[in-house]
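Below is one structure, written out as structure tokens, with a few remarks after it.
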Amino acid sequence: QVQLVQSGGGLVQAGGSLRLSCATSGRTFSSYAMGWFRQAPGKEREFVTAISWSGGNTYYADSVKGRFTISRDHAKNTVYLQMNSLKPEDTAVYYCASRTVYSGITYYTTAGDYNYWGQGTQVTVSS
């Protein structure tokens with residue numbers, strides 16, 4: 001059973017930065033693609049960014065492109081989301097997600113494509 005444990009997040013002023021972490025445990029010998037999603041109050045969960053198993057392929061939602069960076073550390077079985085130039089509209093609960101893959105270059109942008117989810121972490125950006 002794969003478990004995803006998130007850390008990071010919190011309250012920051014607009015223009016500030018935060019880093020989220022998502023540590024994977026369990027069947028870590030499998031190859032898996034990772035993604036980050038977020039859900040603001042009263043809104044549906046939306047895609048933020050994704051990364052392939054190799055780490056060489058990434059994809060970003062237009063709303064975060066140029067401000068957020070996804071990365072992964074295989075030695076630590078951890079994926080990171082570095083968030084810079086934060087805006088009040090970035091306020092949401094952020095979730096990391098994982099799915100087993102058989103290709104090192106594939107990533108996924110739809111929530112339904114993921115099998116495992118982190119517990120969520122609150123990010124609040126004040127204006």
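Only heavy atoms go into these numbers, but all of them, side chains included; no hydrogens, no water, no symmetry mates.
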NZ/NE/NH1/NH2 to OD/OE distance under 4.0 Å, K87 and D90
no
Table please: side-chain donor-acceptor pairs of residues 100-110 below 3.5 Å, with sequence neighbours left out.
{"from": "S103", "atom 1": "OG", "to": "I105", "atom 2": "N", "distance (Å)": "3.2"}
{"from": "S103", "atom 1": "OG", "to": "T106", "atom 2": "OG1", "distance (Å)": "3.2"}

Listed by chain and number, what are the salt bridge (Lys or Arg N to Asp or Glu O under 4.0 Å) partners of [X], not counting sequence neighbours?
X   : result
E46 : R38
R19 : none
K43 : none

To the nearest 0.5 Å, what is the distance between [atom1] on [X] and [atom2] on [Y]?
X   : Y   : atom1 : atom2 : result
S25 : Q1  : OG    : CD    : 9.5 Å
T49 : L81 : OG1   : CG    : 7.0 Å
S31 : W53 : OG    : CH2   : 5.0 Å
K76 : T24 : NZ    : OG1   : 14.0 Å
L4  : S21 : CG    : OG    : 12.5 Å
R67 : S85 : CZ    : OG    : 7.0 Å

Under the 3.5 angstrom rule, does the side chain of [X] hit a backbone N or O of [Y] as a donor-acceptor pair?
X   : Y    : result
R99 : D113 : yes
R45 : A40  : no
Y60 : I70  : yes

If you apply the rule side-chain contact (heavy atoms from CB on, under 4.5 Å), what do you find for Y32 with N77, and how did you get there?
CA-CA 10 Å; Y32 46 93; N77 293 319; 3.7 Å; yes
Strictly by disulfide bond (SG atoms under 2.5 Å apart), give each pair with a member in [range] just once, sequence neighbours left out.
range           : answer
residues 42-80  : none
residues 97-127 : none
residues 30-94  : none
residues 36-127 : C22-C96

Please list, chain by chain and in numerical order, all residues satisfying ring pair (Phe, Tyr, Trp, His ring centres under 6.0 Å) with F37, sequence neighbours excluded.
F47, Y114, W117
Y80: partners by ring pair (Phe, Tyr, Trp, His ring centres under 6.0 Å), with sequence neighbours left out
none
What's the shortest heavy-atom distance between N57 and S54, and which atoms?
N-OG, 4.3 Å
Write down the atom of V125, the atom of T91, and the distance for their closest heavy-atom approach.
N-OG1, 2.9 Å
Ring centres under 6.0 angstrom apart (Y95, W36)
no
Hey, does F68 have a side-chain heavy atom less than 4.5 Å from the side chain of L20?
no
Are any non-hydrogen side-chain atoms of T78 and R72 less than 4.5 angstrom apart?
no
Which pairs, with at least one residue in residues 118-127 and sequence neighbours excluded, count as a side chain to side chain donor-acceptor pair (under 3.5 Å)?
Q122-T124
Return the set of residues passing side-chain contact (heavy atoms from CB on, under 4.5 Å) with S17 (not counting sequence neighbours), or none when no residue passes.
Q82, N84
